[in-house]
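What follows is a single structure, written as structure tokens, with notes after it.
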Amino acid sequence: MKTILVTGGAGFIGSNFIRFIIDKDFRIINLDKLTYAGNLSNLSDIQGKSNYKFICGDICNKDLVSFVLNEYKVDYIVNFAAESHVDRSILDSSPFYQTNLFGTLNLMDCARENGKIEKYLQISTDEVYGSLTMEGKFTETTPISPNSPYSASKAAADQAVMAYHHTFNFPVLITRCSNNYGPYQFPEKLIPLVINNALVDKTIPVYGTGENIRDWIFVEDHCRGIYSVLLNGNIGEVYNIGGESEVTNIDLVRLILKGLNKPESLITFVKDRPGHDLRYAIDINKINRELKWSPVVEFQNGLERTIAWYLDNQTWLEQIISGDYKEYYKQQYSNR
């Protein structure tokens, strides 16, 4: 049985990935710092599984990471750990570079010293490519051109990962995905923010004119793509994972309001975000050709499933917003 170290596994995509692989033939070690967006209630249904262990800690902690790799005889590392909200990176970029770049470097240094890591998979983002006009899509050969402190920190990490591969023959893989949506997403992100605000008839802020375009992928589809790359991707390669579902922000907000039977009068247009990228769109020809992966969840269906999940999990949403869960997990893991 192979052992996978999943970093950032208490976050949105990381927890969904753990849930996706929990019944497969792996032992899973979840290393998460439990920052504001990390929440172990995302994984409450698998806490007792014999092939799963949670460790509270920081990927920047060299002693801890080295201990985990050696103690649990880790074979694969899948690095989800990241600060990921663009608005927060504009206010203060330092935590983004600390975790996203220096945390990645620490993971790779510890893995190289360990000498037994078979694969290191870096989970990245299409935002490292920058912004598109209304034509074309990002391919794996599109030059990196990040436009926000967040995307710059992720791009720097991607460059470091590839440098370790070329310099040390370190066995790396990189995936770059489009915007994720689905269960357990922290409510600062657009879709859960709109759902939560609409449920309480609160104003929904939309940047600029709302014409910015994003390609959306249901988180389960993304997890399937990550799993395919981890098992069968070619070492030293980048794989784009996209949903092939381009939607303007304003149209997305209207779809959610319609799904909740709420009025569009809740929408309010606010000053645009600095450096706001116009459009993201992912070309998935490479991963489809080499690994036979493609998204299976149609956007409207995925959005309906997401809305239904938030409606059925109001307690989870209320705990996240209030922060009540933080003190509990802090007490549970502070002495471990």
Side-chain angles (χ1 to χ4, degrees), residues 1-11 13-34 38 40 42-82 99-100 102-124 157 160-165 167-175 223-237 239 291 329 332-336:
M1 179 183 288
K2 297 289 188 181
T3 298
I4 302 179
L5 172 61
V6 177
T7 65
I13 305 175
S15 63
N16 275 281
F17 181 71
I18 288 175
R19 189 174 292 102
F20 178 79
I21 64 171
I22 192 65
D23 292 324
K24 303 184 188 300
D25 192 26
F26 295 103
R27 180 168 65 160
I28 303 162
I29 311 299
N30 177 8
L31 176 64
D32 196 293
K33 189 178 177 181
L34 293 183
L40 282 181
N42 293 355
L43 294 164
S44 58
D45 55 332
I46 69 165
Q47 292 294 339
K49 295 278 188 177
S50 61
N51 63 327
Y52 171 78
K53 181 175 179 59
F54 172 74
I55 298 171
C56 186
D58 191 342
I59 63 170
C60 294
N61 184 330
K62 182 176 178 62
D63 290 340
L64 175 62
V65 172
S66 295
F67 169 80
V68 170
L69 296 180
N70 285 289
E71 178 70 13
Y72 297 101
K73 297 179 173 58
V74 172
D75 300 292
Y76 303 152
I77 299 173
V78 183
N79 182 27
F80 291 93
T99 297
N100 300 358
F102 294 111
T104 295
L105 289 168
N106 186 57
L107 280 174
M108 292 192 296
D109 284 336
C110 292
R112 286 182 53 241
E113 291 175 9
N114 175 272
K116 298 177 182 178
I117 304 303
E118 298 177 21
K119 296 179 182 179
Y120 174 95
L121 174 51
Q122 178 76 2
I123 307 301
S124 188
V161 168
M162 294 308 298
Y164 270 53
H165 173 65
T167 303
F168 306 113
N169 200 31
F170 188 58
V172 308
L173 295 151
I174 297 175
T175 58
C223 291
R224 285 194 308 105
I226 292 167
Y227 187 64
S228 295
V229 172
L230 179 65
L231 293 190
N232 300 308
N234 294 313
I235 296 298
E237 295 286 327
Y239 292 88
L291 305 180
Y329 289 121
Q332 289 290 307
Y333 293 98
S334 61
N335 295 319
R336 299 190 181 185

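Side-chain atoms are counted along with the backbone in the values below, which use heavy atoms only and exclude waters and symmetry mates. Residue indices begin at 1 and follow the sequence shown.
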Margin query: side chain to side chain contact (heavy atoms under 4.5 Å, CB included) for Asp32 and Thr7? Distances and angles first, verdict last.
Written below: CA-CA 6 Å; Asp32 196 293; Thr7 65; over 6 Å; no

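- A salt bridge between Glu71 and Lys53 is absent, with no side-chain N of the basic residue lying under 4.0 Å from a carboxylate O of the acidic one.
- Residues Ile13 and Cys223 share a closest heavy-atom pair of O-SG, 4.2 Å.
- Counting heavy atoms from C-beta outward, Lys49 and Asp23 have side chains that approach closer than 4.5 Å.
- Side-chain contact between Asp63 and Asn61: present, with at least one pair of heavy atoms (C-beta onward) separated by less than 4.5 Å.
- A 4.5 Å side-chain heavy-atom check between Asn79 and Tyr120 finds at least one atom pair inside the cut-off.
- A cation-pi contact, defined as under 6.0 Å to the ring centre and within 45° of the axis, links Arg112 to Phe168.
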Checklist line | Intermediate values then yes/no, salt bridge (charged side-chain N to carboxylate O under 4.0 Å, His left out), Asp75 and Lys119 | finding: CA-CA 7 Å; Asp75 300 292; Lys119 296 179 182 179; over 6 Å; no

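- The shortest distance between side-chain heavy atoms of Tyr52 and Leu43 falls below 4.5 Å.
- Among all heavy-atom pairs drawn from Gly11 and Asn42, the shortest one is O-ND2, 3.8 Å.
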Next item on the list: Go through the steps to decide whether Asn30 and Leu5 satisfy the test side chain to side chain contact (heavy atoms under 4.5 Å, CB included), and finish with yes or no.
Entry: CA-CA 6 Å; Asn30 177 8; Leu5 172 61; over 6 Å; no

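- Nearest heavy atoms, Ala82 versus Thr99: CA-CG2, 3.9 Å.
- Across Asn51 and Lys24, no two heavy atoms sit closer than the pair ND2-O, 4.1 Å.
- With rounding to the nearest 0.5 angstrom, the NZ atom of Lys73 is 12.0 Å from the CD1 atom of Ile117.
- Put simply, OH on Tyr227 and CG on Asn232 are 9.0 Å apart, with the number rounded to the nearest 0.5 Å.
- Aromatic ring orientation, Tyr72 versus Phe67: perpendicular (interplanar angle above 60°, classes split at 30° and 60°).
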Next item on the list: Run the numbers on Asp109 and Tyr164 for side-chain hydrogen bond (donor to acceptor under 3.5 Å, both in side chains), then give the verdict.
Entry: CA-CA 9 Å; Asp109 284 336; Tyr164 270 53; 2.7 Å; yes

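- For the atom pair SG of Cys56 and CG of Leu34, the computed distance is 4.5 Å after rounding to the nearest 0.5 Å.
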Next item on the list: Under the side chain to side chain contact (heavy atoms under 4.5 Å, CB included) rule, what do Ile123 and Ile226 come out as? Steps first, then yes or no, please.
Entry: CA-CA 8 Å; Ile123 307 301; Ile226 292 167; 4.0 Å; yes

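- Glu118 approaches Lys2 most closely through the heavy-atom pair OE2-NZ, 2.7 Å.
- Between Gln122 and Thr104 there is a side-chain heavy-atom pair separated by less than 4.5 Å.
- Between the side chain of Asn106 and the backbone N or O of Phe102 there is no donor-acceptor pair closer than 3.5 Å.
- Residues Leu69 and Ile77 are in side-chain contact: their nearest non-hydrogen atoms beyond the backbone lie under 4.5 Å apart.
- Atoms CD1 and CG, from Ile59 and Leu31 in turn, are 8.0 Å apart once rounded to the nearest 0.5 Å.
- Rounding to the nearest 0.5 Å places CD1 of Ile46 at 9.5 Å from CG of Leu40.
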Item checked: Steps toward side chain to side chain contact (heavy atoms under 4.5 Å, CB included) verdict (Ile4, Ile29) -> CA-CA 6 Å; Ile4 302 179; Ile29 311 299; over 6 Å; no

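- Nearest heavy-atom pair, Ala160 versus Leu105, reported as atom, atom and distance to 0.1 Å: CB-CD2, 3.7 Å.
- Tyr239 and Glu237 share no side-chain donor-acceptor pair at under 3.5 Å.
- Ile55 CD1 to Leu64 CG: the interatomic distance, rounded to the nearest 0.5 Å, is 6.5 Å.
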